[in-house]
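Heads up: the structure comes next, in structure tokens.
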2 protein chains.
Amino acid sequence: MTKNIFLQIYQEYSGRIQTGALAPGSKMPSENELAREYNTSRETVRKALHLLAQNGYIHKIKAKGSFVLDIGRMDFPIGGLVSFKEMSERIGRKSQTIVHENQLIPVPDDIAAHLEIDKDKYWVWKVIRAREIEGECVILDKDYFRSDIVPVLTEDISRESIYEYLEGELHLPISYAKKVVSVEDADEEDRRLMDLLNYTHVVVVRNYVYLEDTTLFQYTESRHRLDKFQFVDFARRSHGEERKSDF
Amino acid sequence: MTKNIFLQIYQEYSGRIQTGALAPGSKMPSENELAREYNTSRETVRKALHLLAQNGYIHKIKAKGSFVLDIGRMDFPIGGLVSFKEMSERIGRKSQTIVHENQLIPVPDDIAAHLEIDKDKYWVWKVIRAREIEGECVILDKDYFRSDIVPVLTEDISRESIYEYLEGELHLPISYAKKVVSVEDADEEDRRLMDLLNYTHVVVVRNYVYLEDTTLFQYTESRHRLDKFQFVDFARRSHGEERKSDF
DNA sequence: AAGTGGTCTAGACCACCAC
DNA sequence: TGGTGGTCTAGACCACTTG
């Protein structure tokens with residue numbers, strides 16, 4: 001956080017591309033031009049361009065230049081999951097959150113396994129929230145937080161944004177997360193708390209969140225109604241990597 | 001492709017981590033040590049470590065060092081979709097491919113839209129393949145390739161690996177891809193060509209593949225039986241990015 | 001030949017952590 | 001205080017495209 005010129009360049013250009021101020025297909029200034037413009041070195045510019053490329057904003061062509069992509073301006077953010085809630089809010093629909101449960105409990109067996117902790121040594125905050133969009137409950141979130149790391153969690157916080165609380169208030173250094181997505185049978189709780197219509201299955205997103213010291217402190221199970229789930233993935237063919245998969 | 005020291009470092013360490021030769025939790029050599037060891041500069045080492053971090057192999061902690069993560073050794077590759085086919089092959093099960101269709105056709109309306117081309121100006125190769133795993137057809141792939149870019153496509157190629165053909169034989173510079181995943185009603189074709197059991201829906205992965213000059217040349221619709229679909233996503237909290245989403 | 005992005009170097013200073 | 005990773009610099013050479 002000393003200066004972060006590259007971040008500034010990244011944010012300026014990602015912003016212009018997202019708003020459409022920089023049209024898809026248009027050519028970026030060359031690295032040398034940007035270096036002059038920002039009064040910095042070329043490597044610093046390249047760091048910013050690399051970030052833009054990774055996040056699907058631009059595409060770099062050797063000996064030709066960098067070009068703005070049209071991907072991503074639509075269904076952002078790319079490179080991660082886009083829940084229906086985010087999608088909806090992005091296009092201006094409002095969502096509502098209903099907190100069904102918000103309490104400190106001993107660690108259930110299955111959660112102890114997910115959080116990789118000894119169930120006798122910890123307690124966890126359990127939060128169950130239903131997400132209502134356009135009058136329908138289509139997402140059910142079950143969060144579990146290690147209480148030694150998150151000592152207090154009120155219903156008000158859960159109704160607003162736990163995330164902002166963790167980072168803004170508790171200053172937890174959230175670092176990375178792993179998500180596993182699958183489709184599973186809907187259970188009784190799903191049917192009770194969501195408007196499942198006739199759907200017999202739900203999309204389950206299991207989210208494991210880690211701090212900067214690699215502590216796993218949160219496990220979340222997000223259950224989505226089938227028709228209201230979508231996500232976008234942007235994949236670059238990494239340099240010398242194999243990853244032949246689905247290309 | 002001149003020297004690519006950073007790639008060599010990346011591949012050596014990603015290999016060791018994948019095989020378990022480097023245990024999760026263990027500490028990487030410091031950047032200065034690696035620079036000495038590989039007789040290169042620190043920035044080059046950092047490039048390699050950055051790649052390792054991005055792909056979920058290691059985690060860097062300022063002023064402390066880089067540490068091997070246990071994520072990813074299991075269900076690789078992270079940072080993209082992992083189809084059931086890949087998963088199965090990774091754990092030693094064999095899959096079989098049945099080519100149902102392999103022909104050059106005028107561009108159907110919906111495909112023209114997906115490929116963003118004028119339907120009167122092109123023809124496309126249409127390939128329909130069923131993927132059988134452990135005796136069950138659980139994946140149906142429908143591929144469409146612009147015939148001006150892929151002039152020839154035989155059934156043999158489709159049965160083996162179209163991907164290897166495109167890169168190995170045609171030397172197509174495949175660059176990046178966008179995937180959109182959703183759950184949809186199974187159609188008559190799904191029921192006819194897959195072993196759908198009683199499932200009424202399928203997971204649909206729409207894949208748009210681009211060349212280095214940003215040409216969109218392939219569209220693939222991959223339809224998975226609900227119970228045989230899973231993927232893993234590894235998300236880093238990028239530097240100055242927002243991305244508050246599901247963290 | 002000029003311009004582009006890709007790679008690499010050999011330094012530098014900083015903030016942070018552990019000792 | 002010494003080691004770590006984070007950032008930045010001012011060069012360099014390369015392969016490639018374009019005029």
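Note on naming: letters A, B, ... go to the chains in the order of the sequence lines (proteins, then strands), and numbering restarts at 1 for each one.
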query: Which of these nucleotides, C/dG5, D/dC8, D/dT4, is closest to any side-chain atom of A/Glu31?
result: C/dG5

- prompt: Atom NZ of A/Lys27 and atom P of D/dT18: how far apart are they, to the nearest Å?
  reply: 11 Å

- prompt: Taking NZ from A/Lys64 and P from C/dG6, how many angstroms apart are they, rounded to a whole number?
  reply: 13 Å

- prompt: When the distance from OH of A/Tyr38 to P of D/dC8 is rounded to whole Å, what number comes out?
  reply: 13 Å

- request: Determine, stepwise, if the pair A/Asn32 / A/Ser30 fulfils side-chain hydrogen bond (donor to acceptor under 3.5 Å, both in side chains).
  value: CA-CA 5 Å; A/Asn32 284 315; A/Ser30 78; 5.1 Å; no

field: Between P of C/dT4 and CZ of A/Arg46, the distance in whole Å
entry: 13 Å

message: Testing the basics here: between B/Leu104 and B/Ser147, what is the closest heavy-atom pair and its distance to 0.1 Å?
response: CD1-CB, 3.5 Å

- request: Could you check whether A/Ile61 gets within reach of a base, just the sugar-phosphate, or nothing at all, counting any heavy atom under 4.0 Å?
  value: sugar-phosphate

query: Nearest to the side chain of A/Lys62 - D/dC8, C/dG5, C/dC8?
result: C/dG5

task: Would you kindly give the NZ-to-P distance between B/Lys60 and C/dC17, to the nearest whole Å?
output: 17 Å

- request: Using the ring pair (Phe, Tyr, Trp, His ring centres under 6.0 Å) rule, take B/Phe145 and B/Tyr165 through it: C-alpha gap first, then chi angles, then the decisive distance, then the call.
  value: CA-CA 13 Å; B/Phe145 302 90; B/Tyr165 171 66; 9.1 Å; no

field: Separation of atom CG in A/Leu7 from atom P in D/dC8, rounded to whole Å
entry: 8 Å

message: My understanding is that a pair needs two contacts under 3.5 Å, Watson-Crick or G-U wobble. By that rule, which nucleotide pairs with C/dC19?
response: none

field: Within-4.5 Å side-chain heavy-atom neighbours: A/Ile162 and A/Trp125
entry: no

- prompt: In terms of ring plane angle, is the pair A/Tyr219 and A/His114 parallel, tilted or perpendicular, where the classes change at 30° and 60°?
  reply: parallel

Identify all pairs in which a protein N or O lies below 3.5 Å from an N or O of nucleotides 9-11 of chain D, and state each distance.
from	atom 1	to	atom 2	distance (Å)
D/dT9	OP1	A/Thr40	OG1	3.4
D/dT9	OP2	A/Thr40	OG1	2.1
D/dT9	OP2	A/Ser41	N	2.8
D/dT9	OP2	A/Ser41	OG	3.1
D/dT9	OP2	A/Thr44	OG1	3.2

- request: State which residue, out of A/Leu115, A/Val150, A/Val124, A/Asp143, fulfils the side-chain contact (heavy atoms from CB on, under 4.5 Å) condition with A/Gln218.
  value: A/Asp143

query: For B/His50 and D/dG6, what is the distance between atoms NE2 and P respectively, to the nearest whole Å?
result: 10 Å

message: Quiz question: by atom type and distance under 3.5 Å, do the side chains of B/Tyr144 and B/Glu221 form a donor-acceptor pair?
response: no

Whole-Å distance separating the CG atom of A/Leu52 from the P atom of C/dG5: 13 Å

- line: From the candidates C/dT4, D/dG6, D/dT4, the one with an atom nearest any side-chain atom of B/Ala63 is D/dT4

